Amino acid sequence: MGEEVQLPSTKTHSLEVSNQFERRWNFPHAIGAIDGKHVSIRAPGNSGSDYYNYKQFHSIVLLVIVDADYNFLFADAGGKGDIRVLVCLLKMLWAYLQIGFKY
């Protein structure tokens with residue numbers, strides 16, 4: 001991977017990603033596609049139920065956001081529990097609010 005993985009940081013780049021989704025998938029106003037995966041782990045010592053998920057096993061969360069061509073815009077691994085997905089979504093929303101991105 002030659003470039004740093006990062007969310008669009010300008011309004012122009014955000015609109016490019018959105019237009020790309022509409023052209024390729026006929027899905028307007030998308031700023032990324034998100035998916036996550038629980039990666040099974042052995043529970044760290046003294047972690048209690050911190051890494052225990054709703055699927056009944058210990059895991060860390062791998063979360064990615066891609067553009068319409070499956071290029072990574074954001075990747076995060078190592079979060080414990082389902083709250084990690086919410087935190088990443090809030091970070092993405094905050095980033096877009098900072099650049100004044102609105103539809």
Side-chain angles (χ1 to χ4, degrees):
M1 193 152 57
E3 298 178 26
E4 182 179 331
V5 175
Q6 62 183 355
L7 292 171
S9 59
T10 66
K11 191 173 186 175
T12 302
H13 187 207
S14 298
L15 288 171
E16 287 173 12
V17 171
S18 179
N19 291 335
Q20 184 183 30
F21 269 100
E22 188 163 10
R23 280 191 310 274
R24 183 171 177 121
W25 303 107
N26 197 27
F27 200 89
H29 308 294
I31 54 175
I34 187 168
D35 197 10
K37 175 79 175 160
H38 284 273
V39 179
S40 181
I41 63 166
R42 249 186 239 160
N46 299 319
S47 65
S49 62
D50 283 349
Y51 292 87
Y52 199 71
N53 65 40
Y54 71 95
K55 293 183 173 193
Q56 309 298 310
F57 62 92
H58 291 89
S59 68
I60 57 172
V61 177
L62 169 63
L63 181 77
V64 297
I65 301 172
V66 296
D67 67 15
D69 292 322
Y70 309 112
N71 297 307
F72 288 95
L73 297 175
F74 180 83
D76 183 76
K80 54 186 174 184
D82 299 323
I83 193 70
R84 192 67 177 169
V85 173
L86 177 60
V87 169
C88 290
L89 289 173
L90 290 174
K91 283 182 183 178
M92 183 178 181
L93 177 60
W94 180 252
Y96 280 107
L97 290 174
Q98 293 299 305
I99 60 172
F101 186 73
K102 295 180 184 97
Y103 276 100

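Computed from a prediction, not measured in an experiment: that's the story for all the values here.
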* Contact summary for Ile31 and Val17, nearest pair of heavy atoms -> O-CG1, 3.8 Å
* Closest approach of Val66 and Phe21, non-hydrogen atoms and distance? -> O-CZ, 3.7 Å
* **Where at least one partner belongs to residues 19-35, residue pairs that pass salt bridge (charged side-chain N to carboxylate O under 4.0 Å, His left out), sequence neighbours excluded** => Arg24-Asp69
* Check whether more than 12 heavy atoms from other residues, nucleotides or ligands sit under 6.0 Å from atom CZ of Phe57, and answer yes or no. => yes
* To do: Search all heavy atoms of Ser47 against all heavy atoms of Pro44 and return the closest pair with its distance.
  => OG-O, 2.8 Å
* **Connected via hydrophobic side-chain network under 4.5 Å: Ile41 and Leu62** => yes
* Asked: Between atom CG of Asp67 and atom CG of Leu73, what is the distance when rounded to the nearest 0.5 Å?
  -> 5.0 Å
* Structure fact -> By side chain to side chain contact (heavy atoms under 4.5 Å, CB included), Ser49 pairs with (sequence neighbours left out) Tyr52
* Structure fact -> In terms of heavy-atom contacts, Gly32 and Ile65 come closest through CA-CG2, 3.9 Å
* Run the numbers on His38 and Val61 for side chain to side chain contact (heavy atoms under 4.5 Å, CB included), then give the verdict. => CA-CA 5 Å; His38 284 273; Val61 177; 3.9 Å; yes
* Asked: Can you name the closest pair of heavy atoms from Ala68 and Gln20 and give their distance?
  -> CB-CG, 3.4 Å
